[in-house]
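For this chain, numbers begin at 1 and follow the sequence in order.
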Amino acid sequence: MIRRRSTPWIHKWSRPLIGAIAGCGVLITGYLTFEKLTGRSAACVAEVGTKGCNDVLSSPWATVFGQPLALFGLLAYISMLIFALAPLALNSGENNKSSKQLENLTWWLLLMGAIAMSVFSGYLMYILASQIKALCPYCIGSALFSLSMLVITIIGRDWEDIGQIFFTAIIIGMMTLIGTLGIYAGVNPSGDIAESTSGKPQQITFTPTAEPNPEFGWKITTKSGESEIALAEHLVKIGAKEYSAYWCPHCHEQKLLFGQEAEKIIDDNIKVECANDSPKAKLDLCQAAKIQSFPTWIINGKTYTGVQNLDELAKITDYKGSRNFKYFR
């Protein structure tokens with residue numbers, strides 16, 4: 001009597017496991033995408049003065065082709081979720097040729113996707129440790145998700161040609177690494193903003209490379225134009241308030257949008273410092289306003305959290321002056 005070999009449990013559960021991991025990745029990257037697009041601060045446990053998730057989200061590496069990196073991660077996880085579960089959802093139980101072809105195709109797509117995501121995540125972990133020097137649980141979790149999906153993809157089925165797996169890994173890995181280096185070739189880790197010579201608005205980015213000074217945070221490297229100064233004066237006139245913390249990278253991005261001259265007007269008249277170790281701290285005002293994240297604007301009784309582009313501030317305050325702003329985020 002011939003005894004059939006039992007199917008290993010990992011082969012039975014590999015696709016649901018990959019789908020579950022991809023689903024977790026969708027939740028994380030979806031949340032980070034929402035926070036980045038809305039200018040909010042991501043929930044992240046970090047001590048005052050230490051770098052965390054929001055430092056990573058505000059770094060030059062967090063934006064690709066003008067869009068949040070988390071958005072591309074979200075699309076990648078959604079793709080992996082579909083590749084993992086599509087054969088299970090569409091398989092009617094019949095052992096037909098089309099279902100076998102779909103299963104085989106999606107396994108190869110899972111393999112290539114997991115390899116690309118693992119290589120890209122590995123590069124980001126290197127940047128996190130060597131350049132940004134921050135602790136980001138979301139980033140580390142995503143990297144572990146990618147690696148887990150790769151491991152399960154490899155051991156989760158009987159691959160007929162192991163050599164082809166290694167060949168695919170080399171090709172996809174090299175293509176991903178070359179593409180990644182090309183995408184980030186123009187990143188300026190210092191975060192210094194050079195003056196534009198084209199007359200077009202420049203996108204600002206900021207990655208802290210030194211500890212902030214409790215007196216003023218980091219040095220403002222941008223210059224104000226007439227429009228920035230006029231908007232700052234308008235904000236003072238209408239009684240707007242900006243709640244900030246000197247150690248907050250997002251707050252410094254807001255300063256860079258205004259530039260040195262306009263920011264001095266903001267700082268002298270309507271800014272409220274909320275860092276408890278700053279000599280300028282006004283903790284009673286911050287507590288009374290129930291401030292929970294930085295920067296926070298309160299304008300005409302309405303609260304706006306996160307970095308605000310100057311065009312947006314002009315719009316919500318009914319500013320009628322020139323909007324030839326030099327920078328945007």
Side-chain angles (χ1 to χ4, degrees), residues 34-42 54 57-58 193 195-196 199-206 212-276 278-329:
F34 174 78
E35 296 298 295
K36 183 69 174 179
L37 291 176
T38 58
R40 298 171 181 269
S41 298
N54 291 303
L57 292 176
S58 63
I193 311 297
E195 289 290 324
S196 173
K200 297 181 180 179
Q202 283 184 279
Q203 184 174 14
I204 64 100
T205 58
F206 174 67
N213 188 312
E215 290 280 351
F216 56 84
W218 295 276
K219 180 182 178 182
I220 302 173
T221 57
T222 54
K223 299 288 186 180
S224 304
E226 294 181 0
S227 298
E228 286 81 9
I229 293 174
L231 176 60
E233 292 173 343
H234 172 71
L235 291 170
V236 173
K237 184 178 180 181
I238 67 171
K241 291 293 182 183
E242 181 195 359
Y243 296 84
S244 180
Y246 75 86
W247 45 259
C248 165
H250 289 304
C251 301
H252 189 70
E253 286 183 331
Q254 190 72 76
K255 295 177 183 179
L256 292 174
L257 291 176
F258 277 103
Q260 294 176 358
E261 296 81 4
E263 175 57 29
K264 188 177 188 309
I265 297 173
I266 298 290
D267 189 60
D268 290 345
N269 295 277
I270 64 174
K271 180 164 289 185
V272 181
E273 177 61 52
C274 295
N276 57 13
S278 170
K280 299 180 180 179
K282 299 178 181 178
L283 300 183
D284 55 336
L285 298 180
C286 300
Q287 293 171 357
K290 298 180 180 179
I291 302 303
Q292 297 181 342
S293 63
F294 308 112
T296 292
W297 289 86
I298 296 183
I299 302 172
N300 296 328
K302 294 185 178 180
T303 301
Y304 303 87
T305 59
V307 181
Q308 305 296 318
N309 276 312
L310 302 195
D311 273 318
E312 185 62 23
L313 286 174
K315 179 180 177 181
I316 62 182
T317 60
D318 197 27
Y319 167 72
K320 302 298 184 182
S322 169
R323 298 192 184 186
N324 187 27
F325 301 123
K326 298 170 66 176
Y327 307 100
F328 69 96
R329 180 178 184 267

Quick one: does D267's side chain have a donor or acceptor within less than 3.5 Å of a partner on E263's backbone?
no
Output for pair (Y319 OH, I238 CD1), nearest 0.5 Å, gives 12.0 Å
Task: Audit row: T303, K241, side chain to side chain contact (heavy atoms under 4.5 Å, CB included) steps and yes/no - done: CA-CA 10 Å; T303 301; K241 291 293 182 183; over 6 Å; no
Quiz prompt | Sidechain-backbone polar pair: H234 side chain, K320 backbone, donor-acceptor under 3.5 Å | solution = no
Practice problem: List the steps, then state whether side-chain hydrogen bond (donor to acceptor under 3.5 Å, both in side chains) holds for S293 with T305. | Solution: CA-CA 7 Å; S293 63; T305 59; 4.8 Å; no
query: Can you tell if the side chain of K223 reaches within under 4.5 Å of the side chain of K326, non-hydrogen atoms only?
result: yes
Verdict with supporting geometry, Y304 and T296, side chain to side chain contact (heavy atoms under 4.5 Å, CB included)
CA-CA 6 Å; Y304 303 87; T296 292; over 6 Å; no
Next item on the list: Look at the rings of W297 and F258 and say which category their plane angle falls in: under 30° parallel, 30 to 60° tilted, over 60° perpendicular.
Entry: tilted
Indicate the ring-plane relationship of W247 and F294, choosing parallel, tilted or perpendicular according to the 30° and 60° boundaries.
-> perpendicular
One should read off an interatomic distance between T317 OG1 and L231 CG, to the nearest 0.5 angstrom, of 6.0 Å
May I have the step-by-step check of side chain to side chain contact (heavy atoms under 4.5 Å, CB included) for Q260 and T222, ending in yes or no? CA-CA 6 Å; Q260 294 176 358; T222 54; 5.6 Å; no
Closest non-hydrogen contact found for N324 with S227 is N-OG, 3.2 Å
Query raised in the report: Salt bridge between K280 and E215, side-chain N to carboxylate O under 4.0 Å?
Result: no
message: Under 4.0 Å between a side-chain nitrogen and a carboxylate oxygen: does that hold for K264 and D268?
response: yes
CD (Q202) and CG (L256) are apart, to the nearest 0.5 Å, by 11.0 Å
Legend entry - Charged N-O contact under 4.0 Å between E242 and K271: yes
Practice task
May I ask you to say whether D284 pairs ionically with K282, meaning some side-chain N is under 4.0 Å from a carboxylate O?
Solution key: no
d(S244 OG, K255 NZ) to nearest 0.5 Å is 5.5 Å
Problem - Heavy-atom side-chain proximity of F328 to I204 below 4.5 angstrom - result: no
In terms of heavy-atom contacts, P214 and P279 come closest through O-CD, 3.6 Å
Between F325 and E228, the two heavy atoms sitting closest are CA-OE2, 3.2 Å
So OG of S278 and CG of L283: to nearest 0.5 Å the spacing works out to 9.0 Å
Rounding to 0.5 Å, atoms CD1 (I316) and CD1 (I299) come to a distance of 4.0 Å
In short, A275 meets A245 closest at the heavy-atom pair CB-CB, 4.2 Å
Between Y246 and W218, does the ring centroid distance fall short of 6.0 Å? no
For S224 and E261, the nearest pair of non-hydrogen atoms, with its separation, is N-OE1, 2.8 Å
Heavy atoms of Y243 and I298 approach each other most closely as CE1-CD1, 3.7 Å
